[in-house]
Every structure is written in structure tokens, then in C-alpha cells.
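Input: a single structure, listed below in C-alpha cells.
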Protein chains: 2
Amino acid sequence: MNKDQVTELIHRYTKVSFIVKRMAESLIKDQLSDALTNGQFYMLRYIQEQGTCTSSNLAEAFFVNKSAITAIISRLKDKGLINRVRNEDDRRVVYLTLSEKGKNLFTETEMRIHLLLENFITEFNEDEISAFITTYEKLSTILVDLKKNQQEEL
Amino acid sequence: MNKDQVTELIHRYTKVSFIVKRMAESLIKDQLSDALTNGQFYMLRYIQEQGTCTSSNLAEAFFVNKSAITAIISRLKDKGLINRVRNEDDRRVVYLTLSEKGKNLFTETEMRIHLLLENFITEFNEDEISAFITTYEKLSTILVDLKKNQQEEL
DNA sequence: TGTTAATAGTTAACGACGTGAACTAAATGA
DNA sequence: TCATTTAGTTCACGTCGTTAACTATTAACA
């Protein structure tokens, strides 16, 4: 690849990424009315996948400040979607788990997102979409590594 | 593709998309200190590409409310990055253009983003990244169409 | 022509999510 | 023991969304 080709690809990528991001936020919000925001959904998913986790885990996983996590968790707690249990072995630590209500809302939300996406994922060739996601994951890994390196430099 | 495969792909996609979004916001912000936010950068780019445009154009292009555009434009105006000229033929309309300062900052920002991305885009095979972006663009088109259909239903 | 509609843009009140800095409480370790 | 580290919270702030109500201007039509 020469320089011009790289520039062209970057331009095409950045152009699309902003709209895809907006659409992902917007379409799902339209579908889900006032249930969960994007961020809240991903937090719930992480907690569910891990079974239990801490604020620090979330902050590290999503590369955001701990205070941001505290705010999101606090909203989820207000909605009764998660439980917070202090660890008696190390009383600084608070374990987060999904409440029954949280599990249900998460599952319902996930289902609706899948329904929305299923409608058009079939418009892609299987190989195409599969390769796309694989590259996307690779991109994610690279970006994450880059971010981690930046953080370590501090 | 059977249902399980589709579910699996959607899961992989949504899992990565959130992190990629975060990284795109975060890495570039780290690079650019307190110059431009992501949203501001894309607004400037649109105005530059179009030469001139209106708030309504931006709102339509980025699928956001006009009030959100007003707020962003107002910040860009405060920074002296854009000019606003009222159209004398239709005095409701305000044309937006980049100021010299805006052009310079945009170009500089774009260059830094490209430098950041160039560092790892070469880690991909040319065919792979090219196919990836093509599919990404297709995805974007589909999402945009879906959004437009939803809007028309109102 | 004069009243009504639509359109472009702004403003205000609000919410979600991000930041950094200062803080509490608890654990660690020389 | 006393300084340091760690987990988490709180506060003040900024950005970017939303809806609703508003101004000003243009367009439409009876």
C-alpha cells in the first residue's frame, strides 16, 4: 500500500465510523424507548458475563475513569437493576451483580437488539460478514493494545 | 446462516463495537489534547467538504437534532473556527464556512489522526482492510436507510 | 391581500457520560 | 507505627444528545 491508498482508506473508514456509531446509538434507543442506554446495556452485559465484578474491573474493561463507572452504576442501582455487596475480606471492594430485574431487562434488551440486527445481517454474504467481524476484532485488539501502551507510558 | 450463527456474529460485533467506539474517542482525544472533540472534528470536515452548508444540512447528515448542531456550532464559533453568514435571499438561512483558523486546525487534526492510524493500518493485509472498509460502508448505508425508514414512518 | 402553514434556527431545561482533583476508608508494608 | 497504595465516592465541569417552546422569515392559498 502506498501512502495515498492508506490515506484514502483512513478517510473512508473515519467517514463511516461516525455514522455507524450514531446509528448504533440512535436506532437501538428508538427501539428501546426509555429502557437502557447503550452504555448501561454494555455494563450490564459485562457484569452478567462475569457473574460478578467490581467498579475497577468495569473501568479497566471499558477504558473509562472510575468516576464515570460510579455514575453509571449509581443509575443502574437506582433503577434496581444491580446489587452491590461489600466484600468482607477486603472492605474497600464492592461486588456488583445483576438483580432479577436487571437480568430480565438485560435479556429483553439483548433480544430486541438481536431482532433489529437480524433483519439486515442476512443482507450480507456469510463469508463477508464473518471476515468483517474478524477484522473488526483484530482492529479492536490493536486499538486496545495501543491504548494500554499509552497508559503505561504515563 | 442458521439462527445460532447469526446470534454469535451479532454478539461478537456488538461486543467489539463498543470498545472500538471508546478507543476512537479516547485515543484521538489523547493525541489532540484540548483541541477538537470527535464531534467537532466531523462537523468541521463536513463543512470543509461541502465548502459551505447550513445547520439543517449537518443535522440531516449526522442524524441529530438541530438543537444539538446549534450547540456544537456555537462552540466552534466561540473558538473562531467557523464563520456564519446569513443568506440575504432567505433570511432564515445561515451559511457556515470554515475560517482560516478552522481550516488550519482541521488540517492539523486530520494529519494527526492519520499519523495515529497509519501506524497500525499497515498491520493488516491490504485486501483484508479494503474488504473490511467496503463492508463497513455497506453496513453504514443499510443502517442509514433503516433510520430513514423509521423517520418516515412518523 | 391577509391569514395561516411551514421552515430555519435558537434557547432553555434536562439527562447521560466523560474528565480531573480531592476525598474517605481500608489494606499493606517497611 | 506511620507512610503508601488501593477501591470507591463526590464535586465541579464540559460535551453532546433530547424535547418543547420560541423568533423570524418565507410560502401558500382562500
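By convention in this document, chain letters (A, B, ...) are assigned in the order of the sequence lines, proteins followed by strands, and residues within each chain are numbered from 1. Note that the structure is a prediction, hence the values are computed from the model and not measured.
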Worksheet item: Quick check, are the ring centers of B:Tyr46 and B:Phe62 under 6.0 angstrom apart?
Response: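 Distance test on ring centres: under 6.0 Å, yes.
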Look at the side chain of [X] and decide which nucleotide, out of [options], has an atom nearest to it.
| X | options | result |
| --- | --- | --- |
| A:Lys66 | D:dA7, C:dT19, D:dT26 | D:dA7 |
| B:Val93 | D:dT18, C:dC17, C:dG9 | C:dG9 |
| A:Arg92 | C:dA8, D:dA7, C:dT19 | D:dA7 |
| B:Thr70 | C:dT11, C:dG20, D:dT18 | C:dT11 |
| B:Ser55 | C:dC17, C:dT19, C:dG9 | C:dG9 |
| B:Thr37 | D:dG17, D:dT15, D:dT25 | D:dT15 |
| A:Gln40 | D:dG8, D:dT15, C:dC17 | C:dC17 |

Find the distance [X]:[atom1] to [N]:[atom2] and express it as a whole number of Å.
| X | N | atom1 | atom2 | value |
| --- | --- | --- | --- | --- |
| B:Asp90 | D:dT23 | CG | C1' | 14 Å |
| B:Leu36 | D:dG14 | CG | C1' | 15 Å |
| A:Lys79 | C:dG15 | NZ | P | 12 Å |
| A:Glu25 | C:dG15 | CD | P | 19 Å |
| B:Leu76 | D:dT15 | CG | P | 10 Å |
| B:Lys21 | C:dG18 | NZ | P | 7 Å |
| B:Leu58 | C:dG9 | CG | C1' | 12 Å |
| A:Asp89 | D:dT6 | CG | C1' | 16 Å |

List the atom of [X], the atom of [Y], and the distance in Å for their closest heavy-atom pair.
| X | Y | value |
| --- | --- | --- |
| B:Asn38 | B:Glu25 | ND2-CA, 3.3 Å |
| A:Cys53 | A:Leu58 | SG-CG, 3.9 Å |
| B:Ser140 | A:Val16 | CB-CG1, 3.3 Å |

Could you check whether [X] gets within reach of a base, just the sugar-phosphate, or nothing at all, counting any heavy atom under 4.0 Å?
| X | value |
| --- | --- |
| A:Asn87 | nothing |
| A:Ala71 | nothing |
| B:Arg22 | sugar-phosphate |
| A:Ile72 | sugar-phosphate |
| B:Asn65 | base |

Discussion item. So, under a plain 3.5 Å distance rule, would you say the side chain of A:Ser67 forms a donor-acceptor pair with the base of C:dG20?
Written reply: yes
Fill in: Pairing partner (Watson-Crick or G-U wobble, both distances under 3.5 angstrom) of D:dT5
C:dA26
Response to the item:
Using Watson-Crick geometry (N1-N3 plus N6-O4 or O6-N4) or G-U wobble (N1-O2, O6-N3), each under 3.5 Å, C:dG2 is paired with D:dC29
Practice prompt. Quick one: classify the glycosidic conformation of C:dA27 as syn or anti, with syn meaning within 90° of 0.
Written response: anti
Item to complete: Inspect the contact between A:Lys3 and B:Glu118 and indicate whether a charged nitrogen and a carboxylate oxygen are less than 4.0 angstrom apart.
Response: yes
Worksheet item: Starting at the 5' end of DNA chain C and moving along, which residue's nearest nucleotide shows up first, A:Arg91 or A:Asn38?
Response: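 The residue closer to the strand's 5' end, by nearest nucleotide, is A:Asn38.
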Worksheet entry | Short side-chain N/O contact to C:dC17 OP1/OP2 from A:Arg75, under 4.0 Å | yes
Worksheet item: Are B:Ile19 and A:Leu143 close enough, and set up right, to give a side chain to side chain contact (heavy atoms under 4.5 Å, CB included), and what steps lead you there?
Response: CA-CA 9 Å; B:Ile19 284 295; A:Leu143 286 167; over 6 Å; no
